Structure formats: C-alpha cells, structure tokens
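Ligands are counted one by one from 1 in listed order, and the atoms in each one are counted from 1 as well. All values derive from a computational prediction rather than experimental measurement.
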Amino acid sequence: MVDSLRKPEFEELRPGVKKPSEDTILTPRFYTTDFEEMAQMDLSVNEEELKALIAEFRVDYNRHHFVRNEQFQQSWDHIDGDTRRLFVEFLERSCTAEFSGFLLYKELSRKLKNRNPLLAEGFLLMSRDEARHAGFLNKSLSDFNLSLDLGFLTSSKKYTYFKPKFILYATYLSEKIGYWRYITIIDTSKRIPKKISIRFSTSLRTGAKTRTATVTSSMP
Ligand SMILES: [Fe+2]
C-alpha cells in the first residue's frame, strides 16, 4: 500500500503505454480547419515578415537542442506520490499538445503546398519543430516507464474545427503560453532543485520566442 502511494499507478493501453487521459475542457485538443479558406488567404500585407520568419525556421537554430545529455542519465524514482502523478500528467498534456500542433501543421503544409507555398513552408517547418518537441517529451515520459501511443491518439481523438483565423490566433496563444509555462518550470526547478531537477532545454524559449514575436506582427 505504501508503494502504491509513493508510485501512483496509471491505466495502460498495453504494458508501458499510458492510456490517454479522458478529454476535458482542459486537455489538449486536436484541430482541423477550412483548408480552402487558408489556401486563399492573402498574405501580401505580411509577406516580407513571413519570408523573414521562414528564413529563420530554415536555419533551425534549435537543431542541436533537445539532446538527452548526461542530465538524463539518472533515475527519477525520487519523484513520487502526487508530484510524480502531476509530472506525468504534465508530460502527457505537453506531449499531446505538441503532437496536436505537428498533425495540424503537417496537414496544412500538405494541403497548401501548391496553393499557398509560403504558408505551406512555414507550417512544414513548424511541424518539424512540434514533432521534435513531442518526441522529446515522450522520451521524458519513458523515464517514468510510460509512453504515449501517438498513432493511437491520431486515430482516436476527436478533432475540433476552428476557422483559419482562429487557428492562427490559437497557434500564437499556445506558443506564447507554452513558452511561459516551460520557463516557469525551469525557474521553479532552479529554485527547488531537489523537488524537480529536470531541465528543459532553453531552446524551448528561443524557439517559441522567435516564432511568437514574428507572428504577433504578422497576424492582425
Ligand atoms: Fe512546440
């Protein structure tokens, strides 16, 4: 009994694969949109800013981040009880949200490729980043002896429809919120290193910052 209190149990789809949390108003959603309307979007007002943004994405300043360096060569068994449960939930939500971004951006890039190539390339590069973030978080989850079946999530989760302009707002807001949330975790882990000593790469900061700063100025 003491052990089950120290190490919370999670429902599994199969051994080591966490059953996704039930959808609530707070759980990350998967999105779809009107691809035709997105394809016809007039980007001329912000074209130069978008080109500058995409040029930065192409350089991929974060490509050497998200490396599981020696900080990850350790056990997290000392994180137990409620802290462990909350941290696993945090990793699951974050991974799901990043993966949601990957799916949407990838689909947008595929559907816009021949219709709106500038936007298509931007979304393609963003999907690259989101896949990287989701993979990193899922690997972190495996440090807690769990993982998410992203293929299962893709086929089992409901998709919420948002009009294109709300997709753009939601993208901006979610990056901004993610940026501050990860920073709060880094700052907290520095202040209370014994409680949670995982350091997320600062690339999460720079990636989000670069993206949101530019999107702010390019979206009305
Ligand atoms: Fe991300």
TODO: Inspect the surroundings of NZ in Lys139 and state if more than 12 heavy atoms from other residues, nucleotides or ligands are less than 6.0 Å away.
DONE: no
- [ ] Give the atom name of whichever N/O/S atom in His133 sits closest to the Fe ion (ligand 1).
- [x] ND1
Open item on the list: Which heavy atom of Asn116 sits nearest to which heavy atom of Met41, and what is that distance?
Closed with: ND2-O, 3.5 Å
Task: Atom of Glu98 closest to the Fe ion (ligand 1), considering N, O or S atoms - done: OE1
- [ ] Look at the N, O or S atoms of Glu130, main chain and side chain alike, and state whether any lies under 2.8 Å from the Fe ion (ligand 1).
- [x] yes
Task: Pairing of Arg29 and Asp23 as salt bridge, 4.0 angstrom limit - done: no
Task: Residues clustering with Leu13 (ILVMFWY side chains joined when closer than 4.5 Å, directly or via others) - done: Val17, Phe152
